[in-house]
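The next block holds one structure in the form of structure tokens; read it before the comments.
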2 protein chains.
Amino acid sequence: MTPELVEMLSSVVAPGHVLADADLKASYETDWTGRFKGSASAVLRPGDAQQVAEVLRVCNEAAVAVVAQGGNTGLVGGSIPRDSAVLLSLRRLDQLEAVDEISGQVTVGAGLTLARLQDHVRASGFDFGVDIAARDSATIGGMIATNAGGTRVLRYGHMRAQVVGIEAVLADGSLISRMSGLLKDNSGYDLAGLLVGSEGTLGVVTAARLRLVPLLTKRVTALLGLDDLGAALSVVARLRSELASLDSVEVFFEPGLELVREHMRLPAPFREPHGCYLLVECASRRNPLEELGSALSAAEEVQDSAVATDGPDRERLWAYREHHTAAINAAGVPHKLDISLPVERMTSFAERVEAEVTKTIPGSRVILFGHAADGNLHVNVLGPEADDERVADAVFRLVAEHDGSISAEHGIGVAKAPWLSLTRSEADIAAMRAIKRALDPKGILNPGVIFPTAPAVASQPGEASS
Amino acid sequence: MTPELVEMLSSVVAPGHVLADADLKASYETDWTGRFKGSASAVLRPGDAQQVAEVLRVCNEAAVAVVAQGGNTGLVGGSIPRDSAVLLSLRRLDQLEAVDEISGQVTVGAGLTLARLQDHVRASGFDFGVDIAARDSATIGGMIATNAGGTRVLRYGHMRAQVVGIEAVLADGSLISRMSGLLKDNSGYDLAGLLVGSEGTLGVVTAARLRLVPLLTKRVTALLGLDDLGAALSVVARLRSELASLDSVEVFFEPGLELVREHMRLPAPFREPHGCYLLVECASRRNPLEELGSALSAAEEVQDSAVATDGPDRERLWAYREHHTAAINAAGVPHKLDISLPVERMTSFAERVEAEVTKTIPGSRVILFGHAADGNLHVNVLGPEADDERVADAVFRLVAEHDGSISAEHGIGVAKAPWLSLTRSEADIAAMRAIKRALDPKGILNPGVIFPTAPAVASQPGEASS
């Protein structure tokens with residue numbers, strides 16, 4: 001980046017918000033897992049959408065790559081600057097408007113964290129439909145860019161389903177905005193929906209109008225022991241059809257439970273171990289205990305069950321599921337692969353995945369857990385060579401064989417880009433590339449993310465992402 | 001169209017399914033309201049997606065415009081052929097797969113009618129989340145192309161929210177397909193979501209994977225009399241926050257009720273007339289009567305109410321809302337304008353709309369009804385010059401002043417294209433045009449729809465839609 005450009009950008013965002021010093025830039029250049037490292041020519045911290053627009057206009061003119069970043073909690077390297085791109089941190093865009101109680105909506109800045117959004121709307125008797133573990137750092141803008149999922153997708157849908165309107169800046173600096181909270185609007189293409197999940201490659205989200213859901217305080221949690229995943233999925237189908245109050249259905253297995261118990265020094269949940277466990281939570285305006293109880297008593301597949309209604313008891317049950325990530329990390333450096341499958345093919349995948357991985361890298365261990373109702377499994381591979389690309393390759397090929405997706409929740413980022421064509425067809429990718437070129441002809445927005453071969457933007461500005 | 005082209009297309013779809021005779025073409029060239037008339041050079045009735053792909057490939061090569069049509073129940077002229085375009089009828093693509101009970105999904109052809117889909121899935125204990133009055137003719141493909149809404153959007157969302165996967169043919173004949181029913185899939189752009197509501201301008205939908213909802217047979221219907229729309233919207237906000245079983249909240253007013261009563265010879269629903277009426281329906285697995293009753297008894301704004309639980313009584317209440325369209329048509333040829341507003345601005349719009357219309361065309365009458373919870377009003381203008389474009393202009397300008405949308409459910413079509421820029425910004429429209437050019441460079445797909453100035457495709461193939 002030329003000194004003239006730095007000066008120009010400084011005048012846009014104010015000098016104190018242009019970080020060029022290596023120490024100050026560092027936390028923006030590495031992801032929280034430490035797996036992805038990069039370098040930014042500068043870190044810009046714009047204070048409003050107009051500054052974002054002006055930054056993009058200047059960078060587009062100069063054909064300089066821009067990587068947008070929210071809470072930097074991604075898992076696929078999608079917000080780490082590469083090849084001295086400009087890093088655009090959106091965290092200062094954290095405005096928070098009053099909850100609109102008539103429409104059940106709220107308007108917030110892209111830089112607001114999920115936890116602050118939750119606190120804000122819960123004070124008005126509402127809740128937000130998506131919840132993820134990274135809530136204290138993850139920003140709404142980042143969650144939109146990656147179409148975040150989490151434990152309540154089965155009830156409320158993913159992030160795309162929560163977005164009523166978006167304000168965003170396109171590559172050329174033009175601002176698109178549709179924030180009046182219309183629930184029905186069939187006037188042309190759904191640009192907001194297209195930007196959700198586009199991982200910073202089509203535009204930079206600066207604010208959003210979000211739909212809210214009722215705050216449900218009456219909660220019941222159950223841990224179920226089952227023979228295997230097949231039995232568990234039968235129970236899931238039954239619970240889905242019978243329980244309007246169903247909020248979460250998480251799945252894990254004996255090897256993961258053992259790691260968690262060891263790491264957290266927890267007692268066994270049941271006298272006998274089981275092949276598969278479901279962690280079920282119901283929430284409603286009235287106590288959902290009776291409803292859940294009667295559904296469970298009719299489910300013959302359930303071998304063991306523990307049900308909790310008060311906070312501490314519920315937390316004790318959730319602990320078996322929630323500490324999976326920490327327990328796996330304590331056991332080694334895992335290769336974490338987030339995938340999804342048609343629900344009816346989960347069993348076949350789960351039965352075969354460890355064999356496929358160990359065929360390639362003998363001695364690997366595979367720990368599975370995930371969101372059962374969504375067909376979403378987090379595949380964690382442990383072992384001396386877990387980080388080997390051949391592990392990802394083996395898992396993704398098995399996913400493709402099962403008509404699944406190589407990314408359920410986390411996005412493609414740079415980590416999965418080489419495998420995109422495994423589960424998206426040539427025609428799909430051609431259409432995506434055409435849209436990318438249409439909205440970002442110089443390819444300045446997050447080059448290297450999503451698409452298999454990254455264009456060398458800065459050096460060959462004419463070539464774009466073709 | 002040259003004889004060579006006709007022959008080529010005949011060999012693709014089989015001669016019996018190429019209609020060139022004026023009598024045979026007629027029903028495809030006029031919409032059901034009689035407002036939109038056009039002419040097709042030929043009507044093609046392909047039998048599968050491969051034939052659709054081949055037709056588009058041939059037409060794209062020859063730069064011949066193609067208009068896709070489903071049940072031809074649209075209201076904005078979006079599926080009527082213009083300037084001798086090829087009319088592609090999708091009705092033969094009516095395949096229907098078995099309901100996947102584990103995932104709660106079904107795969108169907110684009111030409112299947114909504115009524116046939118409903119019959120099919122209800123036999124398995126499921127229902128479809130969108131319902132519209134045109135169910136016997138409207139096809140799933142057409143409903144996807146227009147992002148159909150209807151009475152249950154507040155509970156299940158519009159058509160886009162029901163689509164898990166789409167199979168579609170793009171302008172160049174390439175087939176995109178993502179039909180394995182994945183509930184979470186963050187591998188690149190949401191092409192399916194982009195095609196929903198694109199009104200045949202970006203691709204031709206040939207099949208869809210649809211999410212189903214539980215079939216809820218326990219239903220309670222209530223008709224409420226209220227002083228005005230403001231009071232009604234307070235009740236709507238209360239019902240939304242208190243009733244998980246809320247299925248529909250329809251609104252209408254005394255002038256519409258009078259027309260309906262006269263037309264259908266119905267008794268008055270209450271002893272005294274009211275300024276505004278709400279038709280509320282709840283549905284759940286258990287009887288929602290108690291839940292609805294307790295919510296209504298706490299709503300002070302309700303002046304009068306009638307509640308029905310059995311079929312015939314519920315139908316009697318629905319009749320006051322459902323016969324609005326027929327009663328209005330009987331009173332004259334209405335100008336029907338479907339618009340949406342932020343919920344909190346509906347009252348101001350409703351109070352002013354008749355004055356704005358009569359300012360332009362004195363003597364006009366405005367009958368309003370719609371979907372209260374969605375901010376969606378159907379504006380029906382009656383009078384000697386109701387069809388005058390100035391009526392639409394007056395209504396749409398008032399919509400724009402209230403931050404609304406000139407199309408809630410019906411789409412833009414050709415009817416509303418001249419006003420698109422009233423409620424979509426220049427940057428929005430530029431981005432939409434860029435996407436259109438990217439996926440349909442020759443502008444063969446439904447030219448004249450959505451965008452204000454139509455390209456003359458066949459005569460100037462190089463100019464596309466720029």
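Chain letters run A, B, ... following the sequence lines, proteins first and then strands; every chain starts at 1. Just so it is clear, the model here is predicted, and its values are computed rather than measured. Values reported hereafter were calculated over all heavy atoms of this structure, with side chains retained and with hydrogens, waters and symmetry mates removed.
Residue contact with chain A, scored on non-hydrogen atoms closer than 4.5 Å, is absent for Ala417(B). Neither the backbone nor the side chain of Gln105(B) comes within contact range of chain A, judged by heavy atoms closer than 4.5 Å. Only the side chain of Asn376(B) has a heavy atom closer than 4.5 Å to any heavy atom of chain A. Contacts of Ala161(B) with chain A are absent, with no heavy-atom separation under 4.5 Å from either backbone or side chain. Both the backbone and the side chain of Arg240(B) have a heavy atom closer than 4.5 Å to some heavy atom of chain A. In this structure, chain A has a heavy atom under 4.5 Å from the backbone of Leu243(B), while its side chain stays farther away. Only the backbone of Leu341(B) comes within contact range of chain A, judged by heavy atoms closer than 4.5 Å. Neither the backbone nor the side chain of His402(B) comes within less than 4.5 Å of any heavy atom of chain A. Contacts between Ser234(B) and chain A at a heavy-atom distance below 4.5 Å are absent for every atom of the residue. For Leu175(B), the part lying near chain A is the backbone, with the side chain staying farther off; criterion is any non-hydrogen pair under 4.5 Å. Heavy-atom distances place the side chain of Leu420(B), and not its backbone, under 4.5 Å from chain A. Residue contact with chain A, scored on non-hydrogen atoms closer than 4.5 Å, involves the side chain of Asp100(B) exclusively.
Taking OH of Tyr189(A) as the reference point, atom CG of Leu195(B) lies at 9.5 Å (rounded to 0.5 Å). With rounding to the nearest 0.5 Å, the separation of CD in Glu291(B) from CZ in Arg286(A) is 5.0 Å.
Between Ile412(A) and Gly188(B), the shortest heavy-atom distance links the atoms CG1-N, 3.9 Å.
In this structure, Ser180(B) contributes its side chain and Asp403(A) its backbone to a donor-acceptor pair below 3.5 Å. A donor-acceptor contact shorter than 3.5 Å links the side chain of Ser340(B) to the backbone of Lys184(A). With hydrogens and angles disregarded, a donor-acceptor distance shorter than 3.5 Å links the side chain of Arg178(A) to the backbone of Thr423(B). A donor-acceptor pair under 3.5 Å links the side-chain atoms of Asn186(B) to the main chain of Glu409(A), judged by distance alone. Under the 3.5 Å distance criterion, the side-chain polar atoms of Arg285(B) are matched with a main-chain donor or acceptor of Ser241(A). Of the possible polar contacts, one joining the Arg424(A) side chain to the Ser187(B) backbone as a donor-acceptor pair under 3.5 Å is found.
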(request) Start with the C-alpha distance between Arg160(B) and Arg160(A), add both sets of side-chain angles, then the distance that settles side chain to side chain contact (heavy atoms under 4.5 Å, CB included), and finish with yes or no. (result) CA-CA 11 Å; Arg160(B) 190 176 283 118; Arg160(A) 190 176 284 119; over 6 Å; no
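Highest contact tally toward chain A, considering only His371(B), Arg345(B), Glu199(B), His410(B), is held by His371(B) [criterion: heavy-atom pairs under 4.5 Å]. Considering only heavy-atom pairs separated by less than 4.5 Å from chain B, the leading option among Asp190(A), Leu154(A), Val153(A), Ile102(A) is Asp190(A). Counting heavy-atom pairs under 4.5 Å between each of Val343(A), Asn147(A), Ile406(A) and chain B puts Asn147(A) at the top.
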